[in-house]
Amino acid sequence: MASSSTLALIGNPNAGKSSLFNQLTGLRQKTGNFPGVTMDKKSGTCQLTPTTAITVVDLPGVYSIYPKSPDEQLVTDILANPSHPDYPDVAVVVLDASNLRRNMLLFTQIMDLHVPVVLALNMLDVAKQQQQEVNAVRLSMRLGVPVVRINARTGEGVDLVKKAVFQQLETPIVAETLFFDPDTDPVLADDIAAGKPGLLAETKAQYGLDNSYLALQYVIQHDGFTFLNRQQREGLDVLIANYQFSEPAFQVRETIRRYELIAGIITDAVTNNRPVGQPTWSQKLDRFLLHPIWGYVIFGLILLLIFQAIFAWATPFQDAIDEGIAWINGSLKDSLPPGPLSDLLTDGVIAGVGGILVFIPQIALLFLLVSLLEESGYMSRVMVLMDRIMRKFGLNGRSVVPLISGVACAVPAIMATRSIASQRDRLITILVTPLMSCSARLPIYTILIALVVPDRRVGGLFNLQGLALMSLYLLGLVSALVAAWVFKKVLKTKERSLFVMELPTFKMPRWNHVGLTVWESVRSFVWEAGRVILAISIILWVLASYGPGNQMEQAEARVRQQQQGKPMTDETANSIAAQRLEASYAGHFGHFIEPAIRPLGYDWKIGVALLASFAAREVFVGTMSTIYSLGAGNTEDNTTIRQRLQNERNPETGGPRYTPAVAWSLLVFYVFAMMCMSTIATTYRETKGWKWPMVQLGYMMVLAYVSALVTYQLLR
Amino acid sequence: MSNRTVADLKPGEKARIKSFSDQWASIKLLEMGCLPGEEICLHGKAPMGDPICLNVAGYCLSMRRAEAATILLEGE
């Protein structure tokens with residue numbers, strides 16, 4: 001049955017909205033243990049009764065109805081606009097019972113917008129550990145709304161939530177009076193002596209509103225209300241000027257007044273036996289994790305562990321996949337009748353897609369570790385730990401999450417910048433995040449490092465290849481910081497920024513959430529990247545198998561003529577394949593750009609791979625394997641990509657094509673180059689214009705070319 | 001002693017909030033539960049003393065020194 005009504009989940013960050021969302025919908029999504037993980041609204045459907053379904057929308061966590069950063073804006077946009085498509089018929093406000101007073105601030109504001117609400121009291125177990133008891137019945141009586149006790153992690157009480165929502169849907173109960181009536185404020189009240197209506201009464205009359213608190217939101221927040229037209233917004237400016245209304249002063253009075261009213265309810269409904277001043281275990285742990293020395297040591301070790309895991313632990317799995325693909329390809333070639341279609345399947349499709357499947361173990365491990373850091377609550381400690389350093393570079397502590405997520409993928413990382421309140425800090429973070437080495441670069445790094453760095457242990461613990469990999473990630477990080485510092489010098493601002501952030505208590509990671517995060521990221525990597533790679537592999541195979549006119553046939557004939565009379569050897573076959581490739585469309589393409597990339601140490605084959613990977617850098621490895629499997633002729637069918645690259649010779653020197661200088665030049669190029677259409681599109685969306693994506697593309701490409709040039713010329 | 005701010009607290013020291021010297025910053029601080037009369041405790045400092053971590057209203061709140069300096073404390 002189609003659902004026409006909407007349920008919104010609202011609450012403070014970390015109150016358990018996303019867990020409840022999963023319990024209600026069964027539709028899985030990521031929830032993190034640091035502020036601002038739900039970046040966009042997520043929706044799913046929930047079966048309230050056998051015949052009634054409802055659309056559930058999970059909104060980003062906020063502390064009040066007044067947004068402080070772009071991600072918080074969404075909540076107000078929906079709740080202040082009853083004609084919004086996501087405007088809820090019922091709002092379930094999730095409250096952290098162990099911190100009820102602060103959570104109640106938002107709740108009373110939502111209530112005053114006259115949305116039918118259900119109060120879901122979560123984390124009662126945590127409250128109980130802290131020797132606090134919450135009396136739900138009393139809370140419900142004092143507030144005049146349904147209150148449900150839940151445990152969003154275990155799913156306890158979810159049926160009661162559904163029942164309460166259903167009842168609110170059938171016969172909505174909304175408090176008749178406002179919890180906090182802004183009209184009682186001396187500045188906003190009607191001036192009875194002068195017979196003049198107050199500001200809110202005037203606003204209600206002019207804008208056809210009947211709720212004073214909604215009218216107040218129009219007055220205070222109209223600049224951000226996209227559903228009002230310019231004339232309507234300017235009309236509100238005039239009203240404010242007429243009444244000489246000071247918004248910040250009023251917000252201070254509102255917050256203090258609400259907390260006074262809440263305090264009365266809390267004393268009635270909460271029994272607090274918590275010993276004052278006794279540090280919780282979470283706080284004891286913080287002393288260690290935020291320690292001037294140990295704090296950084298631990299953070300450094302965690303990062304090192306991540307890189308070690310990606311490189312060393314993933315290797316056996318990768319080798320198995322690599323060998324498996326080579327075997328499939330080899331046996332297909334043996335069993336299929338020779339012809340263009342079999343070639344397309346083996347050299348084009350399997351070679352291209354196989355080049356990507358190899359990296360699943362690394363990507364899965366990376367996402368596993370990053371999501372464990374997020375889930376446990378350690379990530380917000382990292383923000384505190386890094387704020388001071390980040391500020392020197394024009395970033396702030398909250399930039400750490402985008403930068404670390406950037407190691408996985410720049411697209412969600414750039415979206416995560418919405419939690420940064422300062423516009424300039426946010427813009428700089430967006431501009432430099434793609435310099436962090438994302439998982440799509442990992443395949444390129446791995447292959448090239450394996451070619452030129454010996455697989456040896458140093459100091460008994462660390463693998464030399466692992467260290468080389470880490471140095472590339474560090475290069476990305478350092479360049480991101482330097483670029484941020486330059487942008488800080490260029491972009492001047494008078495805007496003030498705040499860094500006031502809750503440190504959530506440490507929690508055991510929810511393993512199902514961690515597992516889903518890993519599954520989702522691997523699935524989207526294989527599916528999203530795989531489709532692009534499949535398409536490009538096929539196009540590339542066509543371009544490499546056909547050439548203008550009969551040039552390819554002529555090239556083959558030339559080789560045969562030289563070899564005339566001699567029996568067909570492997571060498572001859574290889575030579576024919578190489579000559580044919582060079583005469584193909586792809587070969588012409590590569591030769592065309594060769595002058596531009598020769599100073600970097602690249603030949604036309606690498607040129608083809610560079611061009612093919614312009615839209616998505618992960619295509620590089622697939623392209624290389626397609627090119628080299630075509631160029632390798634019919635011999636050694638079941639070699640891996642790595643072996644093919646190793647066997648590639650430089651015709652000028654006779655030595656290996658991939659010398660350390662060439663490999664490092666390519667590595668440095670890929671550290672800096674902005675070769676990702678999805679990132680450009682995301683920057684465009686988040687900065688609302690073409691200016692910044694173009695700036696980003698330009699500076700990163702120049703940086704990549706110059707650095708690769710310097711690297712090659714120095715190492716040559 | 002009456003002009004002390006949260007930025008002057010030593011680790012482990014407790015005090016009561018008196019008022020705020022910056023209205024704009026105070027909106028966010030109030031929303032986060034830093035109310036006049038509320039007891040707070042400096043629970044830790046990040047390396048280099050900035051940002052700081054406070055215990056307020058039963059949870060842990062971190063802020064920069066610059067923001068902490070806008071929270072005035074009650075005198076002894």
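Each chain gets a letter, A, B and so on, in the order its sequence line appears, and its residues count up from 1. Computed from a predicted structure; not experimentally measured.
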Quick check on A:Trp294: does its CH2 atom have over 12 non-hydrogen neighbours (other residues, nucleotides or ligands) under 6.0 Å away? no

Sort out for me which of B:Ser26, B:Pro51, B:Gly12, B:Gly44 touches chain A most, counting heavy-atom pairs under 4.5 Å. B:Pro51

Of all the heavy-atom pairs spanning A:Arg101 and B:Gly33, show the shortest one and how long it is. NH2-O, 3.2 Å

To the nearest 0.5 Å, how far apart are NZ in A:Lys68 and CD1 in B:Ile27? 6.5 Å

Is the closest side-chain heavy-atom distance between B:Cys53 and A:Leu290 below 4.5 Å? yes

May I ask you to name which of B:Cys60, B:Ala46, B:Pro36, B:Gly49 has the most heavy-atom pairs under 4.5 Å with chain A? B:Cys60

Sort B:Gln23 into side chain, backbone, both or neither according to what part of it lies under 4.5 angstrom from a heavy atom of chain A. both

Part of B:Leu29 lying under 4.5 Å from any heavy atom of chain A: side chain

In this structure, OH of B:Tyr59 is separated from CG of A:Asn14 (nearest 0.5 Å) by 11.5 Å

To the nearest 0.5 Å, atom NZ of B:Lys28 lies from atom CZ of A:Phe499 at 11.0 Å

Would you mind listing every salt bridge (charged side-chain N to carboxylate O under 4.0 Å, His left out) that reaches into residues 102-112 of chain A, with sequence neighbours excluded? A:Arg102-A:Glu502, A:Asp112-A:Arg258

Listed pairs under 3.5 Å, donor-acceptor, residues 388-397 of chain A side chains, sequence neighbours left out:
| unit_1 | atom_1 | unit_2 | atom_2 | d |
| --- | --- | --- | --- | --- |
| A:Arg388 | NH1 | B:Met48 | O | 3.1 |
| A:Arg391 | NE | A:Asp387 | OD2 | 3.3 |
| A:Arg391 | NH2 | A:Asp387 | OD2 | 3.1 |
| A:Arg391 | NH2 | B:Asp50 | OD2 | 2.8 |
| A:Asn396 | OD1 | A:Arg398 | N | 2.8 |
| A:Asn396 | ND2 | A:Asp425 | OD2 | 3.0 |

Checking heavy-atom separations under 4.5 Å from chain B, one finds in residues 244-257 of chain A A:Pro248, A:Ala249, A:Gln251, A:Val252, A:Thr255, A:Ile256

Starting at CG of A:Leu498, measure out to CE of B:Met32 and round the result to the nearest 0.5 Å. 11.0 Å

Only counting residues at least two apart or in another chain, list the ones meeting side-chain hydrogen bond (donor to acceptor under 3.5 Å, both in side chains) with A:His291. none

Can you tell me which portion of B:Leu35 sits under 4.5 Å from chain A's heavy atoms? Options are side chain, backbone, both or neither. side chain

Just wondering, more than 12 heavy atoms not from A:Leu301 lying within 6.0 Å of its CG? yes

Is it the backbone or the side chain of A:Leu105 that comes under 4.5 Å from a heavy atom of chain B, or both, or neither? side chain

